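What follows is one structure encoded as structure tokens, with my remarks underneath.
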Amino acid sequence: MKKSKLSLLLVLSLVLSMFLAACSGGDKTEGTDKGKDKGGEKPAAEQLADKQELNVLESAEIPTMDSVLGTDAMSFTTLNATNEGLYRLNQDQKVVPAGAEAMPEYNADKTELTIKLRKDAKWSNGDPVTAKDYVYAWQRAINPDTASEYGPYFMSEKIKNASAIAEGKAKVEDLGIKAEDDYTLKITLERPIPYIESFITFQLFYPQNQKFVEAQGADYAKDAAHLLYNGPFKMTKWDGPTATEWVMEKNDTYHGAKDVTLTKINYNVSKDPQASANAFTAGETDITPRLAQAAIISQFEGSKELLQYQEPSMWWLKMNEKNSALKNLNIRKAIALSIDKKALVEDVLANGSIPAGFIVPKDFTFDKNGKDFRDTTDSYQKMNKEEAKKLWEKGLSELGVKEVKLVYVGQDTETAKATDAFMKDQLEKNLPGLTLELNAVPFKIRVDREQKMDYDLLFSGWGPDYADPMTFMDLYLTGGDHNKMDYSNPKYDKLVKAAQTDLAAKDEERWKALQEAEKILLEDDYALAPIYQRSVNLLVNPKVKGFAHHAFGADFSYQWIKILK
């Protein structure tokens, strides 16, 4: 790993590790610390500490614990610890049965999945987890009255009748999920989905106990007392979305409780990376949030306490075309080409992140021949400050103005503020006449402003929800639930939809369609400006064994952790 360099804004860093639908972490080969020594062999004897209690720092609050309303990495990671769906990722990043008894059985054309549920799964109140709990949760997620963002986004054109239900043209009962009996589910798809097994690991597809949810009414999921759990842990303290501390304890009703060693996890929010590192050094925490600041990371270089890996999460600058200036192609091109991404990741971040001219990350998805998606397509939007200035002047002329003022929405952590200051400096310096108004807001408010399109420029990120390029490519369909920047191109839509439908079973053609769509988004339209693919750096106490990070879905899993003496 490169050492930090003395340069302008040395301590700039990656933004807060939270991002919309940001479910990320992990490389293709390593997902957990399995307790091996430097030689790769498991120590002869591992003695457990008397106290199996873990202390964790997070960089943001939990916006929601309602699995059908979650849109962010913090919510998904917490749900992954306290609940589970049909399948989950194991320590080796493989999809394995969780609430299900086995992997799905398919009909001849793979449009129907029959899934047998395990009969020993229980809710934390003692109720059995049945097929009806899955049907209820899925129907609730697609019901327009619920206003779930991920429900329509995930299910439309995939789960039978989901699109019609989301549009109010069919009943929720028509959704393609049925309880054949208490422990048998039948899922009907619109068409075969090549990534269906990783797809349904996602937290949106977790079950919910109908009787409990309806009894709570508007109070459901407002705090720990108004929740049920069917996963490895249960929350015993959480006062809701503004809480800066919460507690999980081992869930004794969990079917796999005998394999869960931890008895308690204490969480606290720390938005200052140096304070987090100091707390770790002082022995006050066992796991820190992502440490994005080069100056902090350099303090731990070479230490066995520093966990580093490249993750498939992307960060980009969104440009809201509801703003007349950003509707102009030359203005968008100028913005995208004026940012020195290389300087950001090498001289400022210096943490292993890589500059990006793409939205589907490297080392994430591979074709049937083992070729990376990125190996067979281009990288776009290479910095060219001279060209950017020319395009900027041309855009201003087309608009009939000499100056443009834009509102740039960022977050309220120290690292986010520093990164946003770097972006402001780059854009204003390289594009004469541009003025940016920085709005640093809490994460939940940033998400809300993105959803309402209450911004001009917004620095945000996305981590994959399942193992396929589509988890990135369908974000910018016209009118899509995650578009939120008024972008629309019929050619882009046609290619992505073809990859979802007619080409779903034609691997090579599907791959090419998605690559062509990415080219349209980034080279033809400059709809947004990719900035970097993130590298993760966090501190983990060497006595903590079995901490797993994941390539998609929830960032981390805690259920396999053991604390050694």
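Computed from a predicted structure; not experimentally measured.
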task = Rounded to the nearest 0.5 Å, what's the gap from OG on S124 to OH on Y254? Could you check?
result = 13.5 Å

task = For residues 180-199, pull every pair meeting ring pair (Phe, Tyr, Trp, His ring centres under 6.0 Å), keeping only residues two or more places apart or in separate chains.
result = F154-F199, Y195-F199, Y195-Y466, F199-F205, F199-Y466

query = For the ring pair F212 and W123, is the centre-to-centre distance below 6.0 Å?
reply = no

task = Mind checking the NZ-CD spacing from K444 to Q411? Nearest 0.5 Å is all I need.
result = 14.0 Å

message = Measuring centre to centre across the rings, with the benzene-like ring taken for any Trp, is F556 within less than 6.0 Å of F547?
response = yes

inquiry  = Any side-chain to backbone donor/acceptor pair from S198 onto A467? Under 3.5 Å, distance only.
reply    = yes

ask   = Does D448 have any salt bridge (charged side-chain N to carboxylate O under 4.0 Å, His left out) partners at least two apart in sequence or in another chain, and if so, which?
value = K452

Side-chain donor-acceptor distances from residues 279-287 under 3.5 Å, at least two apart:
from : atom 1 : to   : atom 2 : distance (Å)
T281 : OG1    : A277 : O      : 3.0
T285 : OG1    : N55  : O      : 3.1
T285 : OG1    : I287 : O      : 3.2
D286 : OD1    : N541 : ND2    : 3.1
D286 : OD2    : N55  : N      : 2.9

query = D50: what forms a side-chain contact (heavy atoms from CB on, under 4.5 Å) with it, not counting sequence neighbours?
reply = K565

ask   = Are any side-chain N or O atoms of S353 and backbone N or O atoms of S535, one a donor and one an acceptor, separated by less than 3.5 Å?
value = yes

message = If you apply the rule salt bridge (charged side-chain N to carboxylate O under 4.0 Å, His left out), what do you find for K258 with D252, and how did you get there?
response = CA-CA 8 Å; K258 64 181 177 60; D252 291 331; over 6 Å; no

ask   = Should the heavy atoms of other residues, nucleotides or ligands under 6.0 Å from NZ of K250 be counted, would the total exceed 12?
value = yes

ask   = At what distance, to the nearest 0.5 angstrom, does CH2 of W316 lie from CD1 of I359?
value = 5.5 Å

task = Spell out, as yes or no, whether a donor-acceptor pair under 3.5 Å connects the side chain of N107 to the backbone of E112.
result = yes

ask   = What distance separates Q210 CD from Q139 CD, expressed to the nearest 0.5 Å?
value = 8.5 Å

Side chain to side chain donor-acceptor pair (under 3.5 Å) partner of N209, the single match among D127, D133, T130 = D127

Identified ring pair (Phe, Tyr, Trp, His ring centres under 6.0 Å) counterpart of H482 within the set F472, W462, Y476 = W462

ask   = Which atom pair, heavy atoms only, marks the closest approach of P97 to M103?
value = CD-SD, 3.8 Å

message = Donor-acceptor pair, distance only, cut-off 3.5 Å: does the side chain of K122 make one with the backbone of K119?
response = no

key: side-chain contact (heavy atoms from CB on, under 4.5 Å) assessment of Q308 paired with L306   = CA-CA 6 Å; Q308 300 175 299; L306 181 62; 3.4 Å; yes

key: Distance-minimising heavy-atom pair for A499 and L514   = CB-CD2, 3.6 Å

note = With sequence neighbours left out, the residues meeting side-chain hydrogen bond (donor to acceptor under 3.5 Å, both in side chains) with E53 are N266

Pairs under 3.5 angstrom only: tabulate donor-acceptor contacts from the side chains of residues 186-193 to other protein residues two or more places apart or in another chain.
from : atom 1 : to   : atom 2 : distance (Å)
E190 : OE2    : N161 : N      : 2.9
R191 : NH1    : E157 : O      : 2.8

note = Applying side-chain contact (heavy atoms from CB on, under 4.5 Å) to T184 and not counting sequence neighbours gives T114, K116, E180, D181

ask   = Counting only N and O atoms by type, is there a donor-acceptor contact under 3.5 Å from the side chain of S276 to the main-chain atoms of D272?
value = yes

query = So, does R374 use its side chain to make a donor-acceptor pair with the main chain of P361 at under 3.5 Å?
reply = no

ask   = In terms of heavy-atom contacts, does CD of E508 have more than 12 from other residues, nucleotides or ligands at under 6.0 Å?
value = no

query = Are the ring centres of F552 and F364 closer than 6.0 Å?
reply = no

task = Taking side-chain hydrogen bond (donor to acceptor under 3.5 Å, both in side chains) as the test, write out the residues that go with D145, two or more places apart.
result = none

task = Decide yes or no on side-chain hydrogen bond (donor to acceptor under 3.5 Å, both in side chains) for D109 and T111, but give the supporting numbers first.
result = CA-CA 6 Å; D109 66 358; T111 58; 2.6 Å; yes

ask   = Are K171 and E173 close enough for a salt bridge, meaning some N to O gap below 4.0 Å?
value = no

task = Evaluate side-chain hydrogen bond (donor to acceptor under 3.5 Å, both in side chains) for Y206 paired with Q203, printing each intermediate quantity in order.
result = CA-CA 5 Å; Y206 284 5; Q203 285 66 41; 3.1 Å; yes

ask   = Between CG of L564 and CD of Q52, what distance do you get to the nearest 0.5 Å?
value = 8.0 Å

inquiry  = Looking at every non-hydrogen atom in both residues, tell me the closest pair between A243 and W238 and how far apart they are.
reply    = CB-CD1, 3.9 Å

query = Is a side-chain donor or acceptor of N251 paired with a backbone partner of T253 at a separation under 3.5 angstrom?
reply = yes

side-chain hydrogen bond (donor to acceptor under 3.5 Å, both in side chains) involving N90 - partner list, sequence neighbours excluded = none

inquiry  = Quick check: closest heavy atoms across T288 and L538, and the distance to 0.1 Å?
reply    = O-CD1, 3.6 Å

request  = Scan for salt bridge (Lys or Arg N to Asp or Glu O under 4.0 Å) pairs involving residues 209-235, sequence neighbours excluded, and state none if there are none.
outcome  = D219-K222

message = Does any part of the side chain of N537, heavy atoms only, come nearer than 4.5 Å to the side chain of L307, both counted from C-beta?
response = no

ask   = To the nearest 0.5 Å, what is the distance between OG1 (T501) and CG (L503)?
value = 6.5 Å

request  = Return the set of residues passing side-chain contact (heavy atoms from CB on, under 4.5 Å) with T244 (not counting sequence neighbours), or none when no residue passes.
outcome  = E61, V269

note = Tightest non-hydrogen contact, residues L79 and S67, listed as CD1-CA, 3.8 Å

query = Does a side-chain heavy-atom distance below 4.5 Å link S270 with E58?
reply = no

query = Can you list the steps and then say if K271 with S59 is a side-chain contact (heavy atoms from CB on, under 4.5 Å)?
reply = CA-CA 5 Å; K271 298 187 179 184; S59 54; 5.6 Å; no

message = With a sphere of 6.0 Å drawn around NZ of K178, does it hold more than 12 non-hydrogen atoms of other residues, nucleotides or ligands?
response = yes

inquiry  = On a heavy-atom basis, which atom in L54 and which in I561 lie closest, and how many Å separate them?
reply    = CD2-CD1, 3.8 Å

note = side-chain contact (heavy atoms from CB on, under 4.5 Å) filter on A505, not counting sequence neighbours, yields none

query = Is the closest basic N to carboxylate O distance between R118 and D120 below 4.0 Å?
reply = yes

ask   = Is there a donor-acceptor pair closer than 3.5 Å between any side-chain N or O of S557 and the backbone N or O of A548?
value = no

query = Is any side-chain heavy atom of F373 less than 4.5 Å from a side-chain heavy atom of D367?
reply = no

